[in-house]
Participant: 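Got a structure here, written out as structure tokens. Questions coming.
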Number of protein chains: 2
Amino acid sequence: MNRMESSFAIIAEPNRRSILSLLAASECSVGELERQLRMPQSSVSKHLRVLRDAGFVEARVEAQRRVYRLRPEPLMEVDAWLTPFRRFWTAHVDALERHLDRMDQTPSTPTKGKKR
Amino acid sequence: MNRMESSFAIIAEPNRRSILSLLAASECSVGELERQLRMPQSSVSKHLRVLRDAGFVEARVEAQRRVYRLRPEPLMEVDAWLTPFRRFWTAHVDALERHLDRMDQTPSTPTKGKKR
DNA sequence: GGGGTATATGCCTTGACGAGAATATGAGGC
DNA sequence: GCCTCATATTCTCGTCAAGGCATATACCCC
């Protein structure tokens, strides 16, 4: 019924990343998320639904509230995918810094340790 | 003109992740990617375009070929975003394993000693 | 049981994006 | 100059998901 969405597709949504970040700090009810994110309740619920289906969060019923908490597995998967790429910034840090320098100083800001 | 796409949205696309994985192994021309991924050339070019605009790759012109290579910055950004979440699987590894067990054995397999 | 609160769901519209085919650009060799 | 190979771009079409609104469900307190 539900197309197995990849974890990457799930966290492509900025609001969902915000939700996850809040939940990383502490578990929250829907209403708390709604207030902190300043978004309509139905949106929050729908995003939570997606996150729950994908295993990013789980809910605990507490009276009328649903308290959501983080589940780490899907993010671990993302973390694992990154592994082969990490050598690009753990090994050649210096080469990277050159790149970053080139990037950061778009047009102006000529100071900043220009190693030319 | 181009909506500043988040790095997360870029890697939400499976084909783009495949391209990145191949490039993590070694730099490639468009034709090599086309053959390895078995996808039409126009698709490869279009995905590369997106990846290039987002800074994931850069191209070097070599005769008629364009050789693409990885650029680490955007993936570093993703890696950085994951930081606050890492404590969830570096600290409570045991609690996690319980969760994983519950997940893996979807409907059947009521026994609990599952040590993958 | 009724009213209020908290959350979920269904419908609909709109916009984004990927796939595919066709075409354009550009370089090299004859 | 022309032909061919390698890559990029354009267009159209179909799909799919997000947002907003309205509504449904579930719980609590009186």
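Residue numbers start from 1 in every chain, and the chains themselves are labelled A, B, ... in the order their sequence lines are given, proteins ahead of strands.
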Participant: From B:R66 CZ over to B:L48 CG, what is the distance, rounded to the nearest 0.5 angstrom?
Facilitator: 11.0 Å

Participant: Summarise protein proximity over nucleotides 2-9 of chain D in one line of letters, 5' to 3': B for base, S for sugar-phosphate only, - for none, counting protein heavy atoms closer than 4.0 Å.
Facilitator: ----SBBB

Participant: Please list residues of residues 8-26 of chain A whose heavy atoms come under 4.0 Å from any atom in DNA chain C, ordered by number; otherwise none.
Facilitator: none

Participant: Do B:C28 and B:Y68 touch side chain to side chain, with heavy atoms closer than 4.5 Å?
Facilitator: no

Participant: Between C:dA8 atom C1' and A:H47 atom NE2, what is the distance in whole Å?
Facilitator: 14 Å

Participant: Check whether any side-chain heavy atom of B:L51 sits under 4.5 Å from a side-chain heavy atom of B:R16, and report yes or no.
Facilitator: yes

Participant: Is the closest side-chain heavy-atom distance between B:V67 and B:V61 below 4.5 Å?
Facilitator: no

Participant: Indicate yes or no: does A:R60 engage A:E27 in a salt bridge with an N to O separation below 4.0 Å.
Facilitator: yes

Participant: Could you check whether any side-chain heavy atom of A:D79 comes within less than 4.5 Å of a side-chain heavy atom of B:R86, counting everything from C-beta outward?
Facilitator: yes

Participant: Under 3.5 Å, sequence neighbours excluded: what are the donor-acceptor pairs made by side chains of residues 35-44 of chain A?
Facilitator:
from	atom 1	to	atom 2	distance (Å)
A:R35	NE	A:G31	O	3.3
A:R35	NH2	A:G31	O	3.4
A:Q41	NE2	A:S45	OG	3.0

Participant: Answer yes or no on whether B:R17 is positioned over the face of A:F8, meaning its NZ or CZ is under 6.0 Å from the six-membered ring centre and within 45° of the axis.
Facilitator: yes

